[in-house]
Amino acid sequence: MNVKELYEEQKELAKQAILVDSFDKMELIGGVDCAYFEDNVISGAVVIDYNTFELVDKAYDVLKVDFPYIPGLLAYREAVPMMAAVKKLKIRPDILMVDGFGTNHPRRCGIATYIGIKLDIPAMGVGKSYMYGKVEEDEIYQDGEKVCQLLYSRKSKRPVYISPGHRISLSTSVDIARHFMDGGRIPLPVKLADEYVADIKQKILKTVHT
DNA sequence: GCGACAG
DNA sequence: ATCTTGTCGC
């Protein structure tokens, strides 16, 4: 498939995105992220208890990189690995927090939306840098529609970009992100997933000298 | 043609 | 994302 066809697929998936809360509970929140070494992708998923902030489950996978990084097409590089890690979890999270964007995307199909639809699971995006759209104050608009909220932690000067992916609204996504913003810049689920894959990476490099 | 667009 | 030392600040 060429870039043009992938663009079309994203537009089709975007049409299927449900941007209103569509779940009956949010007790377990998942976090997913990726790390790299040579031509491998390490994907990791964690599950955090919304009320106690405890880590209740985690799983990872290591796969060969099979797609380059192309702005706007990150999902085609990291979605399969991330979904593989999520499928290995023993405990299913009620909502998934993905490192990246959701509907705040050139074709309204960031990796959070992509994964949410593919796995039919509520998903939201947590981006670390500007992606797309008209910035007004601390929110971002596309076609006059609010698609992203900037969140600033007490410390950091740089915000985190929150956007809904699938089966969840922007406001609820922001509520959840705020709930897990204890101190640091990155919401807990994503932060733990990030530390998790970084840890797995170190263990692998330490074991397999190459 | 130019610019911009996560990780 | 990743390659990398020291260094400024709470």
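The sequence lines fix the lettering, A, B, ..., with proteins before strands; numbering per chain opens at 1.
Contact check on A:E145 versus A:R108 returns a salt bridge, with a Lys/Arg side-chain nitrogen under 4.0 Å from an Asp/Glu carboxylate oxygen. Between A:D61 and A:K88, at least one side-chain N (NZ, or NE/NH1/NH2) sits under 4.0 Å from a carboxylate O, which counts as a salt bridge.
Taking atom CG on A:D39 and atom C1' on C:dA1, their separation rounds to 14 Å, with Å as the unit. Between the OH atom of A:Y36 and the P atom of B:dA6 there is a distance of 13 Å, rounded to whole Å. One interatomic measurement links the two molecules: CD of A:Q202 to C1' of C:dT2, which rounds to 12 Å at whole-angstrom precision. Rounded to whole Å, the distance from CD1 on A:I111 to P on B:dC5 is 19 Å. Following rounding to the nearest Å, A:Y161 (OH) and B:dG7 (C1') show an atom-to-atom distance of 15 Å. When the P atom of C:dG9 is taken as reference, atom NZ of A:K157 falls 14 Å away, rounded to whole Å. In this structure, CD of A:E78 is placed 9 Å from P of C:dA1, rounded to the nearest angstrom. With rounding to whole Å, A:I204 atom CD1 is found 12 Å from C:dT2 atom P.
Nucleic acid contact class of A:D99 (heavy atoms, under 4.0 Å, all strands): sugar-phosphate only. Residue-level contact check: A:L73 touches the bases, meaning some heavy atom is under 4.0 Å from a base atom.
With a 6.0 Å radius and a threshold of 12 heavy atoms from other residues, nucleotides or ligands, A:K25 has its NZ atom above the threshold. Within 6.0 Å of atom OH in A:Y196, more than 12 heavy atoms from other residues, nucleotides or ligands are found, so the atom counts as buried in its surroundings.
For A:Y132 and B:dA6, the shortest distance from a side-chain N or O to OP1 or OP2 is not below 4.0 Å. The side chain of A:K128 contributes an N or O atom lying less than 4.0 Å from OP1 or OP2 of C:dA1.
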**Asked** Which dot-bracket notation, 5' to 3', represents the base pairing of DNA chain B when pairs are defined as Watson-Crick or G-U with both distances under 3.5 Å, crossing pairs as [ ], and inter-strand pairs as |?
**Response** .......

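By the salt bridge (charged side-chain N to carboxylate O under 4.0 Å, His left out) test, A:K134 pairs with A:E136, sequence neighbours left out.
Aromatic rings from A:F53 and A:H179 are positioned such that their centres are separated by under 6.0 Å.
Of the candidates B:dG7, B:dA6, C:dA1, B:dG7 carries the atom nearest the A:D33 side chain, counting heavy atoms from C-beta on. With B:dG7, B:dA6, C:dT2 as the candidates, the nucleotide lying closest to the side chain of A:K201 is C:dT2. When the nucleotides C:dT2, B:dA6, B:dC5 are ranked by their closest atom to the side chain of A:Y130, B:dC5 comes out on top.
Listed by first and then second residue, the ring pair (Phe, Tyr, Trp, His ring centres under 6.0 Å) pairs that reach into residues 124-145 of chain A come to none, sequence neighbours excluded.
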